[in-house]
There are 2 protein chains.
Amino acid sequence: METTRDTILAAAAELLDQSGPEGVTLRGVAQIAGLSHNAPYKHFRDKEALLAGVAARELRVRTAAMAGTIAASSDPLTALRELAYDHIRWGLQYPNRFRLIFGRWERHDEDLADAASETLRLFIEAIALVRSAGKIRPGDNERTAALLMSLIHGAMEMALGGHLSAEGKGRSDPQGLVDDLIDMLKM
Amino acid sequence: METTRDTILAAAAELLDQSGPEGVTLRGVAQIAGLSHNAPYKHFRDKEALLAGVAARELRVRTAAMAGTIAASSDPLTALRELAYDHIRWGLQYPNRFRLIFGRWERHDEDLADAASETLRLFIEAIALVRSAGKIRPGDNERTAALLMSLIHGAMEMALGGHLSAEGKGRSDPQGLVDDLIDMLKM
DNA sequence: ACCTGAACACCGTTCAAGT
DNA sequence: ACCTGAACACCGTTCAAGT
């Protein structure tokens, strides 16, 4: 029954999309939520905790959606590719959410860390299924998952910064680079 | 003859290393530089321009160092690997500089963009040398460079966020992941 | 338990002067 | 041309009250 807390989180997410983490002011959040400018302090100890709440909430929604994507795929290799594409599509659409979730945190947030390791686990499982189906070369599933996630994050970061699409002759957008990696992983 | 400008840049870089971009306050910079709190406005139009100046200056130094790394290597493949390692080592040592340079910018900064494309060109040339020596599989050099740089950036971001070393059984640190990629690129 | 209003220290930025 | 001091609007955070 924490509808007030959720109202605050929704307001913060709205401001985050509009103008990034710096744009998420306690006063702005409170105004959208219809509260006094320091009411959020009764629900979050400070601004960083509020942002961590937004990040964890969004990441859980994303992870659930990705699980759905896997379930809807016809075979393990397609599932892996769709999982990656899904992640990229979301990141490009909501760059501020993506950066907030995977960016730097001053303090460790348990809730966010849990959500992140769940996402990682999903990638590891997707890799494990492809590998046990004999579609990709032998290796450690966790390490291959780290390789794929790192590439996705880096490619997204470069794409958001305009360092990718601009200069490549080939289709060096995030999806293209992920395709390259998956092709090289194939046996 | 812009020693004042350089003094300001050095002061800003110092604060950046200590406490990130938010820690770079105009007042703090001016104090370290021995100026009044708004003297920097005579050299940079606003805070973002100041940070862009810091980023461009640091990236040029880095690119020169990387060029030296290449020149000092015995063969093209070693040069490529050392180039990547060098970049990773620097990023892990100066996370705030790394994030500033390759992170998000509100405004486009010509100087920084130039420095960044020079860095990219260095990677492309390193790839081209390895490829023309027949050490890695055929492909587009720019796209392969984008693949490698994306992986490096993403792995660094994940390592800095504590998402890499923690859960991997295998040695899934940035260097290890880059090794994996280069191994897969080999013919 | 939850919310409010006033207050504090800090920040980026602007402006009218000074040399 | 370069620097200064005062001022403005804004921000995160704290605190004493209110219900």
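Order of the sequence lines fixes the chain letters, A, B, ..., with proteins taken first and strands second; residue numbering starts at 1 for each chain. Just so it is clear, the structure is predicted and the values come from calculations on it, not from any experiment. Computed over heavy atoms, backbone and side chain alike; hydrogens, waters and symmetry mates excluded.
A salt bridge is defined here as a Lys NZ or Arg NE, NH1 or NH2 lying under 4.0 Å from an Asp or Glu carboxylate O, and A:Asp86 with A:Arg62 meets this definition. Between A:Arg137 and B:Asp183, none of the side-chain N atoms (NZ, or NE/NH1/NH2) sits under 4.0 Å from a carboxylate O, so this pair counts as no salt bridge.
Rounding to whole angstrom units, CZ of residue B:Arg27 and P of D:dC10 are separated by 16 Å. Rounded to an integer number of Å, the gap from B:Leu35 CG to D:dA1 C1' is 14 Å. For the pair B:Glu22 CD and D:dT13 P, the computed distance is 11 Å after rounding to whole Å. D:dT4 atom C1' lies 9 Å from atom NZ of B:Lys42, rounded to whole Å. Nucleotide C:dC3 holds its P atom 17 Å from the CD atom of A:Gln31, rounded to whole Å. Rounded to an integer number of Å, the gap from CG of B:Leu51 to C1' of C:dG12 is 12 Å. Protein atom CD of B:Glu48 is 19 Å distant from nucleotide atom P of C:dC11, rounded to whole Å.
Here the side chain of B:His37 is nearest to one of D:dA6, D:dC11, D:dC3, namely D:dA6. Distances were taken from every side-chain heavy atom of B:Thr4 (C-beta onward) to each of C:dA7, C:dT13, D:dC3; the shortest belongs to D:dC3. Taking only side-chain atoms of A:His43, from C-beta outward, the nucleotide of D:dG12, D:dC3, C:dC3 with the closest atom is C:dC3. Candidate nucleotides D:dT13, C:dT13, C:dC3 were compared by shortest atom distance to the side chain of A:Lys47, and D:dT13 ranks first.
Within a 6.0 Å sphere centred on NZ of A:Lys135, heavy atoms belonging to other residues, nucleotides or ligands number 12 at most. Counting non-hydrogen atoms of other residues, nucleotides and ligands closer than 6.0 Å to CD of B:Gln31 gives a total of 12 or fewer.
Aromatic pair B:Phe102/B:Phe98: ring centres closer than 6.0 Å.
For DNA chain C, if you chain together Watson-Crick or G-U pairs that step i with j, i+1 with j-1 and so on, the runs of at least three with distances under 3.5 Å are C:4-8 with D:12-16, C:12-16 with D:4-8.
Side chain of A:Arg143 to main chain of B:Gly176: a donor-acceptor pair is present (N/O by atom type, distance under 3.5 Å, no hydrogens or angles).
Residue-to-nucleotide contacts include no donor-acceptor pair under 3.5 Å from the side chain of B:Asn38 to the base of D:dT4.
Between A:Val178 and A:Ala84, the shortest heavy-atom contact is CG1-CB, 3.8 Å.
Among the heavy atoms of the strands, none lies under 4.0 Å from B:Val29.
Residue B:Tyr41 places at least one side-chain N or O under 4.0 Å from the OP1 or OP2 atom of C:dT13.
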